[in-house]
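Report on the following structure.
Since the model is a prediction, treat every value here as computed from it, not as a measurement.
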Amino acid sequence: MSSPAMTFTSRSLEDDARLINARDHKIAPGDISIGVIIGRTSEFFDFFVYAIASVIVFPSLVFPYVDALTGTLYSFAIFAVAFITRPIGSLIFMAIDRHFGRGTKLTVALFLLGGSTASIAFMPGYATIGHYAALVLIILRAAQGVALGGTWDGLASLLSLNAPRHQRGWYAMVPQLGAPLALLVASGLFAFFLMTLSRADFLDWGWRYPFFVAFAINVVALFARLRIVVTHEFERLFEQRDLQPSEILPTVKAEGRNIVIGAFAPLASFALFHMVTVFPLSWVALFTNQPLERFLIIEMIGASVGLLAIVVSGFIADQIGRRSLLAWSALGIAIFSVMAPLLLNGGDLGEVAFMILGFMLLGLAFGQSSGVVASNFATETRYTGSALTSDLAWLVGAGFAPLVALLLSVKFGLAASGIYLLSGAVATMVALYINKELAARDR
């Protein structure tokens, strides 16, 4: 057995970093925001790079022996693997956090995330290794999910705890800015290579470059997040048990109701998240003759609208309350679910209107969906409870969304995808109705 002195831990490194980053004043929410935005952008970039490739690369590279629709469905099934393994990652990395420190946890998780994403860039296709290509993709996708379970650093909770009471909505939207920023970069990269390369060159080597970029972004995100995590102020909150990892089973037993409500409260925004990003790209690729780079540019325009809408959500939430904004947004998404199939199937102008309206609603709803019930948790379970809520929310609301939406649309027509979106809006309104504690905190 190794001696305690020889046990690897990041705490001595964190102590050194604290001396470097020591401040004479309490850390401000604005300081935390930078680390939060960079961290979330890196996570979402990995997400979008893989999601886009699931539509325009993997069906041809990994499943060329089936038709395009079947290959896309297979690809979306593998897409869901990361959301299944993400809770497993939370279990593993919570234990690492408790025993070796949060710096070790984040370092291992982000290198695993960046490494597994970058490894996809080296992946041979079916033409080289046959069915093993699908197996390799499944393993690397599972590794991404495990890593994402470990990237929960508590910074969003720290930001919320340090936010002024009258600006809770404003600071709640900050972590969500990472999604549209990541989509802008990911879509832009793929659009660039599609426009400048032949189809053969793109499928041979061009698609691999965005996966290389993901590793570099994760390294930058690691240092940005560690700079906050190792501050004295963060450690003080950790010691006060506001952000201390707790045992998984006792947390689930004590906070099961809040975890479930927290997973379903943002379902409308998570369902819409895929309806305006991954799903429409697959529909355009499979059932239209439009250039994919054209639609990726439309997605970039939509992401810009979504970015602005997220910022606006913070201002509105501080005026009318987060719960009210989420409820009104869910109602708007329910109405949009009726219009969405008509717009997406309505030609060039219809597609643009679909993306603009969809991202506008997404920004308003998604901007306030982060940690909707986090303050419901007792202080000793807030850190772990919030992580588990996030895992369950993404699994229920996002993991199988592209697969289900495409299957329904193929079997029953595009209108069925609208019904799927409507179900998410209904789930959100029911969860908000049950979670009356949020209404009390908004006032």
*List the steps and the verdict of salt bridge (charged side-chain N to carboxylate O under 4.0 Å, His left out) for Arg382 and Glu255.*
CA-CA 9 Å; Arg382 180 180 290 125; Glu255 303 287 1; over 6 Å; no
_Candidate pair Val278 and Phe48, rule side chain to side chain contact (heavy atoms under 4.5 Å, CB included), full reasoning_ = CA-CA 8 Å; Val278 186; Phe48 283 121; 5.5 Å; no
*Between Asp67 and Thr70, is a side chain to side chain contact (heavy atoms under 4.5 Å, CB included) present by the stated rule, with each step listed?*
CA-CA 5 Å; Asp67 61 89; Thr70 303; 2.8 Å; yes
*List the steps and the verdict of side chain to side chain contact (heavy atoms under 4.5 Å, CB included) for Val426 and Leu267.*
CA-CA 9 Å; Val426 172; Leu267 207 60; over 6 Å; no
_What verdict does the side chain to side chain contact (heavy atoms under 4.5 Å, CB included) test give for Tyr383 and Met94, after you've listed the backbone C-alpha separation in whole Å, the side-chain angles of each residue and the deciding distance to 0.1 Å?_
CA-CA 10 Å; Tyr383 178 78; Met94 285 290 178; 3.6 Å; yes
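Between the CD atom of Glu293 and the CG atom of Leu194 there is a distance of 5.5 Å, given to the nearest 0.5 Å. Residue Ile335 holds its CD1 atom at 11.5 Å from CG of Leu357, rounded to the nearest 0.5 Å. Considering CD1 of Ile248 and CG of Leu388, their distance stands at 4.5 Å, rounded to 0.5 Å. Here CD of Gln144 is found 9.5 Å from CZ of Phe83. Values are rounded to the nearest 0.5 Å. Expressed to the nearest 0.5 Å, how far CD1 of Ile38 lies from CD1 of Ile217 amounts to 11.0 Å.
Within a 6.0 Å radius of CZ in Phe287, other residues, nucleotides and ligands contribute more than 12 heavy atoms. Crowding of Phe264 atom CZ: a count of heavy atoms from other residues, nucleotides or ligands under 6.0 Å not exceeding 12.
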Name every donor-acceptor pair, under 3.5 Å, that has one atom in a side chain of residues 306-314 and the other anywhere in the protein, sequence neighbours excluded.
{"from": "Ser313", "atom 1": "OG", "to": "Ile310", "atom 2": "O", "distance (Å)": "2.5"}
{"from": "Ser313", "atom 1": "OG", "to": "Gln368", "atom 2": "NE2", "distance (Å)": "3.4"}

Only distances under 3.5 Å count here; give the side-chain donor-acceptor pairs of residues 398-418 to other protein atoms, sequence neighbours excluded, each with its distance to 0.1 Å.
{"from": "Ser409", "atom 1": "OG", "to": "Ala405", "atom 2": "O", "distance (Å)": "2.8"}
{"from": "Ser417", "atom 1": "OG", "to": "Leu414", "atom 2": "O", "distance (Å)": "2.6"}

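You'll find the ring centres of Phe63 and Tyr74 inside the 6.0 Å limit. The aromatic ring centres of Phe211 and Phe215 sit 6.0 Å or more apart. Taking the centre of each ring, His274 and Phe47 come in below the 6.0 Å mark.
At least one side-chain heavy atom of Met275 sits less than 4.5 Å from a side-chain heavy atom of Leu272. Contact check for Leu203 versus Leu61: no side-chain heavy atoms found under the 4.5 Å cut-off. Taking the side chain as every heavy atom from C-beta outward, Phe93 and Trp152 never approach each other to under 4.5 Å. For the pair Leu292/Phe295, no side-chain contact is recorded, criterion being any heavy-atom separation below 4.5 Å from C-beta on. Looking at Ser116 and Arg141, their side chains never come closer than 4.5 Å, going by heavy atoms from C-beta outward. Side-chain contact between Leu183 and Glu299 is present, with heavy atoms from C-beta onward closer than 4.5 Å. Residues Ser54 and Phe76 have side chains in contact (heavy-atom distance under 4.5 Å, counting atoms from C-beta outward). The closest side-chain heavy-atom distance from Ser187 to Ile52 is below 4.5 Å.
Aromatic ring pairs are classed by plane angle as parallel below 30°, tilted from 30° to 60° and perpendicular above 60°; the pair Tyr209 and Phe212 is perpendicular. Using bins of under 30°, 30° to 60° and over 60° for the plane-to-plane angle, the ring pair Trp283/Phe279 lands in the tilted bin.
In this structure Tyr50 satisfies the ring pair (Phe, Tyr, Trp, His ring centres under 6.0 Å) test together with Phe58, sequence neighbours excluded. Every ring pair (Phe, Tyr, Trp, His ring centres under 6.0 Å) that Trp394 has, sequence neighbours left out, goes to Phe44, Phe270, Phe273. Residues meeting the side-chain hydrogen bond (donor to acceptor under 3.5 Å, both in side chains) test with Ser90, sequence neighbours left out: Asp391.
Side chain to side chain, Ser246 and Thr384 meet the donor-acceptor criterion of an N or O pair below 3.5 Å.
Taking 4.0 Å as the cut-off between side-chain N and carboxylate O, Glu43 and Arg225 count as a salt-bridged pair.
The stretch residues 335-363 participates, sequence neighbours left out, in these salt bridge (Lys or Arg N to Asp or Glu O under 4.0 Å) pairs: Arg294-Asp348, Arg294-Glu351.
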